[in-house]
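Below: the structure, in structure tokens.
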There are 2 protein chains.
Amino acid sequence: MADESAHRPASADQPALKLEEFLPYRLTVCASLVSQALSRIYCERYKIGVSEWRVLVTLGQFDMMTAKGIGVHSQMHKTKVSRAVAQIERRKLLIRRANRDDMRESFLSLTPAGREIYDELAPIALDFARQLIDTVDEADRAALDRALKKLAERSVQLAPDIVNSGGTR
Amino acid sequence: MADESAHRPASADQPALKLEEFLPYRLTVCASLVSQALSRIYCERYKIGVSEWRVLVTLGQFDMMTAKGIGVHSQMHKTKVSRAVAQIERRKLLIRRANRDDMRESFLSLTPAGREIYDELAPIALDFARQLIDTVDEADRAALDRALKKLAERSVQLAPDIVNSGGTR
DNA sequence: TATTGTTATACTCTATAACTATA
DNA sequence: TATAGTTATAGAGTATAACAATA
């Protein structure tokens with residue numbers, strides 16, 4: 001019987017919806033800010049987009065991988081991977097080598113030039129992430145880690161058929 | 001002198017860059033999954049996009065506001081607000097009332113029909129957020145809250161001129 | 001028939017600037 | 001001159017489907 005206002009009946013057990021406290025909104029804003037700040041580093045310096053960045057990092061991490069493998073690991077649709085790979089190949093940062101056991105796919109890996117850029121970029125990216133996480137209280141870091149895992153997991157449960165496009169399909 | 005491999009010199013104090021552990025990547029993937037799962041609810045049911053959703057929620061929260069105010073509160077660029085407002089107005093979910101003290105702007109508010117949709121949507125959205133946060137250990141929730149604040153803050157410091165477009169400019 | 005990868009296409013979003021009208 | 005808001009436009013990114021080659 002203690003309505004807060006006439007037009008917004010927000011029942012006793014239901015708190016009001018405040019955008020600035022709404023978790024999906026906060027996650028989006030936070031991720032967007034972080035992502036923008038990071039792309040400053042690689043976009044301006046190496047003229048690559050998010051997809052190319054992910055291909056580069058995945059190949060730097062695994063040395064040799066198929067396009068499909070890159071897609072799975074970096075949560076990107078095969079068409080996006082295909083185009084990103086093509087772009088990076090044009091710039092001679094990666095090479096393809098046929099897989100004789102399955103001629104549909106090929107193994108991709110960084111060229112020395114690609115490896116050079118990766119070796120230059122990786123420490124900068126790690127440093128960026130370090131600067132971010134350093135502002136989070138040390139006691140909170142593991143909690144953040146767990147929370148991100150749970151939230152992603154739960155979203156998929158709540159909408160089972162969503163495409164896990166990782167924001168860059 | 002204990003290199004892990006010949007080609008990836010990952011110096012002793014610098015851990016390797018793993019995409020799946022890289023915070024900006026994880027944030028993007030998580031936010032994208034959450035966002036997609038949520039839009040299932042309002043996109044399919046009410047045929048509105050993220051910007052329209054934010055306008056609706058902001059007006060539901062504040063009753064009356066200018067376009068500029070909506071932009072500030074929901075982190076959207078004025079052009080995006082303008083178009084979202086126009087779309088929602090076309091559907092007669094909001095009305096404009098001139099501000100006689102400053103004829104450049106006008107006060108926006110929900111019509112009864114708009115309020116009806118809001119009253120229907122808000123509890124669903126809150127319930128969605130509840131279902132998400134419920135999977136996060138209770139002890140971790142405050143930490144997540146603090147972490148998101150710090151991360152957003154730090155990103156802006158690291159790239160001072162980024163536009164806080166909240167993922168939907 | 002199914003899978004890997006590419007290409008085409010239509011569509012939506014995004015960024016920017018230019019503009020109107022008010023102040 | 002500056003601000004609120006609108007409109008135009010070019011470019012980027014997106015989803016889908018269709019396709020070729022191989023399995």
Closest nucleotide among dT9(C), dT6(D), dT9(D) to the Arg83(A) side chain: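 The listed nucleotide nearest to Arg83(A)'s side chain is dT9(C).
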
Candidates dG5(D), dT7(C), dC13(C) - which lies nearest the side chain of Lys80(B):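 In terms of side-chain proximity for Lys80(B), the closest of dG5(D), dT7(C), dC13(C) is dC13(C).
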
Plane angle bin for His73(B) and Phe62(B) - parallel if under 30°, tilted between 30 and 60°, otherwise perpendicular: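 Correct class here is perpendicular.
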
To the nearest Å, how far apart are [X] [atom1] and [N] [atom2]?
{"X": "Gln75(A)", "N": "dA15(D)", "atom1": "CD", "atom2": "P", "value": "14 Å"}
{"X": "Glu89(B)", "N": "dT7(D)", "atom1": "CD", "atom2": "P", "value": "10 Å"}
{"X": "Gln87(B)", "N": "dC13(C)", "atom1": "CD", "atom2": "C1'", "value": "14 Å"}
{"X": "His77(B)", "N": "dT6(D)", "atom1": "NE2", "atom2": "P", "value": "13 Å"}
{"X": "Gln36(B)", "N": "dC13(C)", "atom1": "CD", "atom2": "P", "value": "13 Å"}
{"X": "Lys68(A)", "N": "dA21(D)", "atom1": "NZ", "atom2": "P", "value": "21 Å"}
{"X": "Ile70(A)", "N": "dG5(C)", "atom1": "CD1", "atom2": "C1'", "value": "12 Å"}
{"X": "Phe107(A)", "N": "dG5(C)", "atom1": "CZ", "atom2": "C1'", "value": "14 Å"}

Residues clustering with Phe107(A) (ILVMFWY side chains joined when closer than 4.5 Å, directly or via others):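 When side chains under 4.5 Å apart are linked, the cluster holding Phe107(A) also contains Met64(A).
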
Side chain to side chain contact (heavy atoms under 4.5 Å, CB included) between Leu151(B) and Leu144(A), worked out: CA-CA 11 Å; Leu151(B) 291 174; Leu144(A) 172 64; 4.0 Å; yes

Where protein sits on nucleotides 18-23 of chain C, one letter per nucleotide: B base, S sugar-phosphate only, - none, heavy atoms under 4.0 Å: ---BBS

Residues that Gln87(B) engages under side-chain contact (heavy atoms from CB on, under 4.5 Å), provided they are two or more places apart: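 Per chain and number, Gln87(B) pairs via side-chain contact (heavy atoms from CB on, under 4.5 Å) with Glu52(B), Arg90(B), Arg91(B).
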
Gln61(A)-Glu20(B) side chain donor-acceptor pair, cut-off 3.5 Å: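 The answer is yes; a qualifying pair exists.
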
Ser155(B) and Gln131(A), any side-chain heavy atoms less than 4.5 Å apart: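 Of all side-chain heavy-atom pairs linking Ser155(B) with Gln131(A), none is under 4.5 Å.
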
